[in-house]
Amino acid sequence: MSITVVKAGLQTTLQGAPFSGHRHLGMPAAGAADCLSLALANFLVGKPLAAIAIEITILDAIFEVNEPCAIAVVGAAAYVRINGQDHPQHQTLSLKAGDKIAIGPGRPGCRTYLAISAEMHAERILDGQSTCLAAGLGGFHGRALQSDDVIAFAPESPVTEVQRTTPDNLRPHYSDDHVLRLTRGPETGHADENIVDHLCLSPYSVGARADRMGLALEGPPLTAPDASDMRSAAVFPGTIQLPPSGQPYLLGPDAQTTGGYPRIAQVIRADRHLIGQLAAGARIRFVQTTPDRATEIYREKISLLTSWLGQIKLW
Amino acid sequence: MSDDRPEVHVCDDWISIPLPDWHKIPAAQHILAASDHWTETVPGLDSIAIQFDPARLAPDQAAHIALDQLSELKRAPDTASSTTVIPVCYDAAFGPDRDYVAEKLGIPAAALPSWHSAQMQRVAMLGFMPGFAYLESMENCGNIGRLANPRQSVAAGSIGIIGRQSCIYSFDSPGGWPIIGRTPLSLFDPARDQPALLSAGDKLRFEAISKTTFDNWPREPAA
């Protein structure tokens with residue numbers, strides 16, 4: 001009644017829905033870094049779209065299931081092998097006890113989701129079960145999985161009967177070239193010195209400092225707006241801050257809740273799941289949009305996904 | 001809209017409302033948190049941000065609703081919250097930067113506990129980590145700067161001080177605040193009804209306790 005981690009990979013965590021409604025307590029969102037891939041994976045095994053799944057980052061990982069179950073793999077992984085045999089992503093796969101799943105490294109892209117029809121045991125804190133690494137809460141003892149960890153399944157886990165394949169037009173394209181749309185931030189500055197224009201003019205790449213908390217961006221340095229009198233204020237996943245170095249910093253799902261560097265831009269909600277696929281070295285082009293247009297884009301995306309997944313939320 | 005409404009900054013799923021009068025922020029938080037429009041309400045030091053579901057609300061609608069809700073602020077009484085007392089052990093074992101801070105202040109190290117615990121503080125906001133509290137002292141505190149080299153690990157409960165700001169670490173974490181003591185209280189415990197011990201706007205003061213009292217402090221059961 002469990003799954004064993006044979007090889008844990010770089011940073012493999014239990015992630016599902018983000019923590020919501022607790023940022024005023026300093027509680028980060030956490031949750032799946034690429035919530036769209038999570039939803040697609042969970043749907044293939046008949047689970048709620050934001051149910052807890054295994055999030056695998058960059059390197060390959062191996063698991064062994066200890067009872068029959070169905071799985072699905074969605075994400076950046078180069079391959080999915082069951083007992084050495086290649087299997088496709090985006091499809092419900094039936095496993096028997098003792099089967100070994102090897103999930104290849106994420107290239108291009110960064111993160112892969114392994115959804116399981118059984119309910120994996122994850123610690124419940126506040127309103128969720130995702131892993132908050134900074135505070136060591138939730139998920140599997142609040143930490144990344146290590147080799148030989150055994151994740152228990154709930155005793156009465158229903159075995160799903162669904163057999164699904166994601167339609168071609170809904171399969172995300174994983175790449176090392178990204179376009180992220182953004183709106184101005186509260187400290188963008190005035191129109192005649194609009195720093196967002198500069199951000200959008202140049203290509204950026206993800207630096208070596210890249211994790212679930214945030215990503216250092218490399219590119220032409222920007223002139224930071226005068227922030228000597230800025231007082232710490234709310235930041236969110238997708239906020240782009242500009243420290244005095246002039247190198248922007250893009251916040252990820254585990255972003256702290258407040259910060260004191262100028263908030264020069266905000267990646268729109270419709271594109272935020274892509275942040276979870278940004279690996280060191282990935283290239284980014286930023287495109288400015290308006291908050292109103294961003295709302296339309298979000299609603300269009302949701303409506304497209306609803307035809308396959310039913311009611312869905314991205315975060 | 002009336003002229004005295006603050007200028008709101010609008011993103012596609014959150015907005016920021018400047019509130020330069022920080023006395024108003026706890027009341028604003030209270031008003032906004034009571035509404036079911038907002039998935040998050042996050043106080044800053046001189047602003048408050050709210051996040052919403054863009055499938056349900058457009059940004060301008062959100063700004064309009066929030067400002068309407070905040071028009072109540074004028075009538076909101078100043079929240080006269082009671083003062084929380086935080087026990088702190090200022091023993092050298094828990095306050096490795098006691099001498100550094102005392103020197104900056106020009107007082108004997110032995111006088112630091114009584115100097116620090118005599119001050120009234122308010123919780124400016126929570127951030128950085130769950131339950132991590134930023135405090136603002138009502139007094140001028142001299143020129144205490146950040147440590148030149150941040151520590152790899154600062155123990156949960158540690159009290160840091162930089163100028164008139166103090167902080168309380170909620171979890172073991174890296175940090176660059178000079179540390180003068182440690183509280184045995186748990187700043188964040190998800191098992192409690194109110195997981196965070198403090199919230200923005202709270203008034204508090206510190207009370208010195210001995211190392212024996214600290215060591216014998218009843219530990220809350222782990223979550």
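Proteins get letters first, then strands, A, B, ... in listed order; numbering begins at 1 in each.
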*Contacting region of B:Gln194 [heavy-atom separation from chain A under 4.5 Å]*: neither
*By side-chain hydrogen bond (donor to acceptor under 3.5 Å, both in side chains), which residues pair with B:Arg56, not counting sequence neighbours?*
none
*So which part of A:Thr257 gets closer than 4.5 Å to some heavy atom of chain B, the side chain, the backbone, both or neither?*
both
*Side chain, backbone, both or neither of B:Leu57 within contact of chain A (heavy atoms, under 4.5 Å)*: backbone
_Please find the pair of heavy atoms, one from B:Pro54 and one from A:Arg299, that lie closest to each other, and give the distance._
O-NE, 2.8 Å
*Quick one: closest heavy-atom pair of A:Gln266 and B:Cys11, and the distance?*
CB-SG, 3.8 Å
_So A:Ser20 and B:Glu40, do their side chains get closer than 4.5 Å, heavy atoms only?_
yes
*Given that the side chain runs from C-beta out, which part of B:Ala200 has a heavy atom under 4.5 Å from chain A: side chain, backbone, both or neither?*
neither
*Where does A:Arg263 contact chain B at under 4.5 Å (heavy atoms): side chain, backbone, both or neither?*
side chain
*Choice from A:Pro186, A:Ala294, A:Ala233, A:Ala234 maximising heavy atom contacts with chain B below 4.5 Å*: A:Pro186
_Residues A:Arg269, B:Gln51; criterion side chain to side chain contact (heavy atoms under 4.5 Å, CB included); working and verdict_ = CA-CA 11 Å; A:Arg269 167 107 54 145; B:Gln51 190 174 40; 4.3 Å; yes
*A:Tyr261, OH: over 12 other non-hydrogen atoms inside 6.0 angstrom*: no
_Which one wins on heavy-atom pair count under 4.5 Å against chain A: B:Trp38, B:Tyr134, B:Phe188?_
B:Phe188
_Any heavy-atom pair between the side chains of A:Tyr298 and B:Asp53 that's under 4.5 Å?_
yes
*Residue by residue, scan residues 301-314 of chain A and write down, ordered by number, those that have a heavy-atom distance under 4.5 Å to chain B; if none do, write 'none'.*
A:Lys313
*Is B:Pro190 close to A:Arg124 at the side-chain level, that is, under 4.5 Å between some pair of heavy atoms?*
no
*Pull out the residues in residues 163-174 of chain B that come under 4.5 Å of chain A, heavy atom to heavy atom, sorted by number.*
B:Phe171
*For B:Ser47, is it the side chain, the backbone, both, or neither that has a heavy atom closer than 4.5 Å to a heavy atom of chain A?*
side chain
*Considering the options B:Ile15, B:Asp60, B:Val10, B:Asp13, which one meets the side chain to side chain contact (heavy atoms under 4.5 Å, CB included) requirement together with A:Pro291?*
B:Val10
_B:Pro195 versus chain A, the contacting section by heavy-atom distance below 4.5 Å_ = side chain
_Do A:Thr239 and B:Trp14 have side chains that approach each other closer than 4.5 Å (heavy atoms only, starting at C-beta)?_
yes
_Main-chain N/O of A:Arg184 paired to B:His9 side chain as donor or acceptor, under 3.5 Å_ = yes
*Closest approach of A:Val267 and B:Asp12, non-hydrogen atoms and distance?*
O-OD1, 4.4 Å
*B:Asp21 atom CG, over 12 foreign heavy atoms within 6.0 Å*: yes
*So, for A:Asp292 and B:Pro59, which heavy atoms are closest and what is the spacing to 0.1 Å?*
OD1-CD, 3.8 Å
*Between A:Ala134 and B:Met129, which heavy-atom pair has the shortest distance, and what is it?*
O-CE, 3.5 Å
*Where do A:Phe236 and B:Val42 land on the side chain to side chain contact (heavy atoms under 4.5 Å, CB included) test, with the steps shown first?*
CA-CA 10 Å; A:Phe236 293 91; B:Val42 193; 4.1 Å; yes
*Please state whether the side chain, the backbone, both or neither of A:Arg272 comes within less than 4.5 Å of a heavy atom of chain B.*
side chain
Quick one: side chains of residues 23-34 of chain A, donor-acceptor pairs under 3.5 Å with protein atoms, not counting sequence neighbours, listed by atom name and distance.
{"residue": "A:Arg23", "atom": "NH2", "partner": "A:Val235", "partner atom": "O", "Å": "3.0"}
{"residue": "A:Arg23", "atom": "NH2", "partner": "A:Gln256", "partner atom": "O", "Å": "3.4"}
{"residue": "A:Asp34", "atom": "OD1", "partner": "A:Leu36", "partner atom": "N", "Å": "3.2"}
{"residue": "A:Asp34", "atom": "OD1", "partner": "A:Ser37", "partner atom": "N", "Å": "3.1"}
{"residue": "A:Asp34", "atom": "OD2", "partner": "A:Ser37", "partner atom": "OG", "Å": "2.6"}
{"residue": "A:Asp34", "atom": "OD2", "partner": "A:Gln277", "partner atom": "NE2", "Å": "2.8"}

